[in-house]
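See structure below.
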Amino acid sequence: MNFENLQAIFHHKKIMASYNPGENSFLPNSIGYVDGAPFLKINKNVTYPTWMMSSWVGGIHASILKALKKDFYHIRNLDFFLISLAKKASEEGLLCYSEPKLLKNKSVKIAEFKEDFFILFQFVKQNYKSQWTFFLFICLALFERKFKFLPLIRSFYFKNKKLTTVVLDNIEVISSKNVVQLGTIDVIIPTIGRKKYLYDVLEDLAVQTHLPVNVIIIEQNPNPESISELDYLTSENWPFIIKHTFTHQAGACNARNIALNQVESEWVFLNDDDNRFNSDLLQNVLSNLKRFGLKALTTSYLQVNEIKKDLSIKQSSFFGSGNSFICSSILSKVRFDMKFEFGYGEDIDFGMQLRNIGTDIIYFPDLEILHLKAPIGGFRTKPVLKWSSDSVQPKPSPTVMLCKQFHLTLNQIRAYKLILFLKFYKVQKIKNPILYYANFKKQWRQSLYWMNNLRNS
């Protein structure tokens with residue numbers, strides 16, 4: 001055990017960390033059938049967010065155990081206790097990690113866990129909605145030819161566990177990490193044809209109690225004869241430097257990468273051209289980065305009249321390229337992958353790049369950005385994708401397939417395929433289930449074909 005690293009690992013009280021040097025986890029890989037979040041495919045070479053704790057080595061602050069003892073004291077198996085606590089408490093603000101720095105020698109040989117489906121079904125019943133136990137049974141039968149009747153029946157004796165009270169809010173977080181030194185912030189904004197909305201964003205930035213240093217605007221217009229329409233960038237005085245790039249190449253991935261190359265400050269705010277926010281946003285962001293010792297955070301990002309559901313500070317399963325802040329020191333290791341241009345999944349992929357270099361993304365519900373979802377503006381032509389003229393259209397989109405192949409486990413992909421198959425049946429025209437199944441297989445194969453083309457491009 002690497003005792004010298006403990007203070008740096010547990011730099012505030014709301015951290016739980018462990019490390020499993022083996023190949024198998026306590027829960028079988030089949031947990032991927034019921035959980036599609038990015039916390040299962042663990043990169044064991046870096047500090048990686050996951051509730052999949054291990055009894056081999058780890059730590060947690062005593063105040064967390066004392067606060068939660070009423071909910072978990074009855075569990076006698078240590079590994080089951082650890083993952084149950086981590087799964088429930090991570091939803092209320094406990095930050096849980098696989099941490100290789102706990103060990104000096106990560107190649108140590110250990111006894112591997114054996115698959116225990118009774119444990120698996122019990123865990124699913126206690127931590128997910130009841131229907132997921134049946135879905136797990138179906139997936140095991142369909143994809144692995146395993147018919148786990150007894151584990152399924154035994155799971156009926158267990159109830160879904162919920163924390164009795166939200167007790168972790170009373171535990172103060174003060175990180176010993178010094179992540180904010182200069183406190184300087186650059187803002188990047190890709191834009192196309194939203195002159196008025198962009199002006200409002202600049203107005204919000206201009207009244208910040210903590211002003212940004214540079215606002216980097218990448219204006220796109222694919223019309224080869226077009227010129228910039230953003231006259232107010234130079235005709236008006238702004239309390240920050242505006243770096244304006246005009247390009248005829250459309251695409252959000254390209255625009256954001258151009259902007260990332262121009263960042264000079266300690267922090268970067270990935271913004272959008274139709275956002276609105278209060279004057280204290282940047283100041284409050286820096287305060288929370290200091291308090292939690294973070295290198296990346298994401299904010300609440302609701303649309304008009306949308307109700308906020310996630311009310312706890314917690315490890316985020318998503319990443320938003322229009323409402324996130326990251327430390328510029330890690331920009332050399334991440335970029336928006338051009339394989340996703342004009343498709344879907346670039347935000348998810350960028351977030352996974354961050355996690356795979358050891359940078360967790362924490363969601364703060366009280367940091368609010370309103371996303372107006374403004375109408376599409378500007379001279380835009382619908383991109384002609386390589387598969388647009390195929391007689392059999394890929395399902396899902398090849399960029400979505402690529403993202404899932406990159407970042408999910410095999411069982412998570414299988415579960416996604418089954419869920420997509422069931423959901424898509426309601427909205428498509430083929431109502432004969434046999435014909436629908438045959439057509440769906442063709443669409444899935446077509447998606448895999450184009451996904452491989454994208455991957456190799």
Considering all heavy atoms, the nearest Gln353-Arg335 contact: NE2-O, 2.7 Å
Check for a donor-acceptor pair, side chain of Gln122 on one end and backbone N or O of Phe158 on the other, with a separation under 3.5 Å. no
So, for Asp79 and Ser55, which heavy atoms are closest and what is the spacing to 0.1 Å? OD2-OG, 2.7 Å
I need the minimum non-hydrogen distance between Asp280 and Thr209, along with the two atoms involved. CA-OG1, 3.7 Å
Between Asp274 and Tyr197, is there a donor-acceptor pair closer than 3.5 Å when you use the side chain of the first and the backbone of the second? no
Any luck finding a side-chain donor-acceptor pair between Ser175 and His11 under 3.5 Å? yes
Within 6.0 angstrom of Glu23 CD, more than 12 heavy atoms from elsewhere: no
Got a sec: does the CD of Gln131 have more than 12 other heavy atoms crowding it under 6.0 Å? yes
Can you check whether Asn284's main-chain N or O pairs, donor with acceptor, with Asn288's side chain at less than 3.5 Å? yes
Minimal heavy-atom distance between Leu94 and Ile60, with the atoms involved, is CD2-CD1, 4.4 Å
Look at the side chain of Asn5 and the backbone N and O of Lys101, then say whether any donor-acceptor pair between them is shorter than 3.5 Å. yes
Ignoring hydrogens and geometry, is there a side-chain-to-backbone donor-acceptor pair from Glu219 to Thr247 under 3.5 Å? no
Answer yes or no: is there a donor N or O on one side and an acceptor on the other, between the side chain of Lys44 and the main chain of Gly22, under 3.5 Å? yes
Tell me whether the centres of the aromatic rings in Phe10 and His61 are closer together than 6.0 Å. no
Between Thr409 and Gly32 the two heavy atoms that sit nearest each other are OG1-CA, 4.4 Å
Mind checking the CD1-OG spacing from Ile216 to Ser265? Nearest 0.5 Å is all I need. 8.0 Å
CD1 of Ile64 to CD of Glu92: how many Å apart, nearest 0.5 Å? 11.5 Å
Testing the basics here: between Gly293 and Lys177, what is the closest heavy-atom pair and its distance to 0.1 Å? O-CD, 3.8 Å
Would you say that Leu402 contacts Arg455 through its side chain, given a criterion of any heavy-atom pair below 4.5 Å between the two side chains? yes
Just checking, is any N or O donor in the side chain of Tyr33 or Asn411 under 3.5 Å from an acceptor N or O on the other one? yes
Tyr232 atom OH: more than 12 heavy-atom contacts under 6.0 Å: yes
Verify the neighbour count for atom CD1 of Ile348: are there more than 12 heavy atoms of other residues, nucleotides or ligands below 6.0 Å? no
Using a distance-only test with no angle check, is there a side-chain donor-acceptor pair under 3.5 angstrom linking Asn356 and Tyr48? no
Would Val187 and Asn214 satisfy side-chain contact (heavy atoms from CB on, under 4.5 Å), going step by step from the backbone distance to the final call? CA-CA 6 Å; Val187 183; Asn214 301 298; over 6 Å; no
Whether His248 and Phe246 hold their rings parallel, tilted or perpendicular, with breakpoints at 30° and 60°: perpendicular
Contact check, side chains of Phe269 and Val263, non-hydrogen atoms, under 4.5 Å: no
Answer yes or no: is there a side-chain heavy-atom contact under 4.5 Å between Val215 and Ile241? no
Any chance you could lay out the side-chain contact (heavy atoms from CB on, under 4.5 Å) test for Asn127 and Asn160, step after step, and finish with the verdict? CA-CA 6 Å; Asn127 291 278; Asn160 187 278; 5.6 Å; no
If you define the side chain from C-beta out and look only at heavy atoms, does anything of Met401 sit under 4.5 Å from Pro394? no
From Ile218 atom CD1 to Ile192 atom CD1, the distance as rounded to the nearest 0.5 Å: 13.0 Å
Let's go through Gln126 and Ser155 carefully: what are the C-alpha distance in whole Å and the side-chain angles of both, what is the deciding distance for side chain to side chain donor-acceptor pair (under 3.5 Å) to 0.1 Å, and is it a yes or a no? CA-CA 9 Å; Gln126 291 182 325; Ser155 71; over 6 Å; no
Scan residues 297-309 for pairs that pass salt bridge (charged side-chain N to carboxylate O under 4.0 Å, His left out), counting only residues two or more places apart or in two chains. Lys308-Glu368
For Trp51 and Phe26, I'd like to know if the aromatic rings sit close, meaning centre-to-centre distance below 6.0 Å. no
Going from CZ on Arg414 to SG on Cys139, what distance comes out if it is rounded to the nearest 0.5 angstrom? 9.5 Å
Side-chain donor/acceptor pairs under 3.5 Å, residues 358-365, sequence neighbours excluded:
from, atom 1, to, atom 2, distance (Å)
Asp360, OD2, Tyr97, OH, 2.8
Asp360, OD2, Gln315, NE2, 2.9
Tyr363, OH, Asp310, O, 2.9

Measure up the His371 and Tyr301 rings against each other and bin them: parallel (under 30°), tilted (30 to 60°), perpendicular (over 60°). parallel
Say whether, by atom type as modelled, one donor and one acceptor occur between the side chain of Asn323 and the main chain of Ile369 under 3.5 angstrom. no
For the pair Glu91 and Ser312, evaluate side-chain contact (heavy atoms from CB on, under 4.5 Å) and give the outcome as yes or no after the intermediate values. CA-CA 7 Å; Glu91 297 168 3; Ser312 299; over 6 Å; no
Kindly indicate whether a cation-pi arrangement holds for Lys106 with Tyr19, taking the cut-offs as under 6.0 Å to the six-membered ring centre and within 45° of the axis. no
Determine whether a donor-acceptor pair (N or O, by modelled atom type, separation under 3.5 Å) exists between the side chain of Ser324 and the backbone of Leu270. no
Spacing of Leu102 atom CG and Asn20 atom CG [to the nearest 0.5 Å]: 12.0 Å
Check Asp231 with Lys195, please: is the shortest side-chain N to carboxylate O separation under 4.0 Å? yes
Is the shortest side-chain N to carboxylate O distance from Arg276 to Asp204 below 4.0 Å? yes
Non-hydrogen side-chain atoms of Ile188 and Val268 separated by less than 4.5 Å: yes
Quick one: list whatever passes side chain to side chain contact (heavy atoms under 4.5 Å, CB included) with Leu385, sequence neighbours left out. Phe342, Trp387, Ser388
Please answer whether the main-chain N or O of Ser321 pairs with a side-chain N or O of Asp347 as donor and acceptor at a distance below 3.5 Å. yes
Test ring pair (Phe, Tyr, Trp, His ring centres under 6.0 Å) applied to Tyr199 and Trp238, step by step: CA-CA 11 Å; Tyr199 184 84; Trp238 302 97; 5.7 Å; yes
Please report the C-alpha distance between Ser328 and Trp267 in whole Å, then the side-chain angles of each, then the deciding distance to 0.1 Å, and finally whether the side-chain contact (heavy atoms from CB on, under 4.5 Å) criterion is met. CA-CA 5 Å; Ser328 59; Trp267 296 89; over 6 Å; no
Under 3.5 Å: donor-acceptor pair, side chain of Glu266, backbone of Gly183: yes
Does a side-chain heavy-atom distance below 4.5 Å link Val213 with Glu264? no
If you count the non-hydrogen atoms of other residues, nucleotides and ligands that lie under 6.0 Å from CG in Leu422, is the total more than 12? yes
Does some side-chain heavy atom of Ser300 sit less than 4.5 Å from a side-chain heavy atom of Asp366? no
Using the ring of Tyr416 (Phe, Tyr or Trp, six-membered ring only), decide whether Lys404 places NZ or CZ under 6.0 Å from its centre and within 45 degrees of its axis. yes
Can you tell me how far apart CD1 (Ile189) and CZ (Arg256) are? Round to the nearest 0.5 Å. 11.0 Å
Lys NZ or Arg CZ of Lys339 over Phe406 ring: under 6.0 Å, within 45°: no
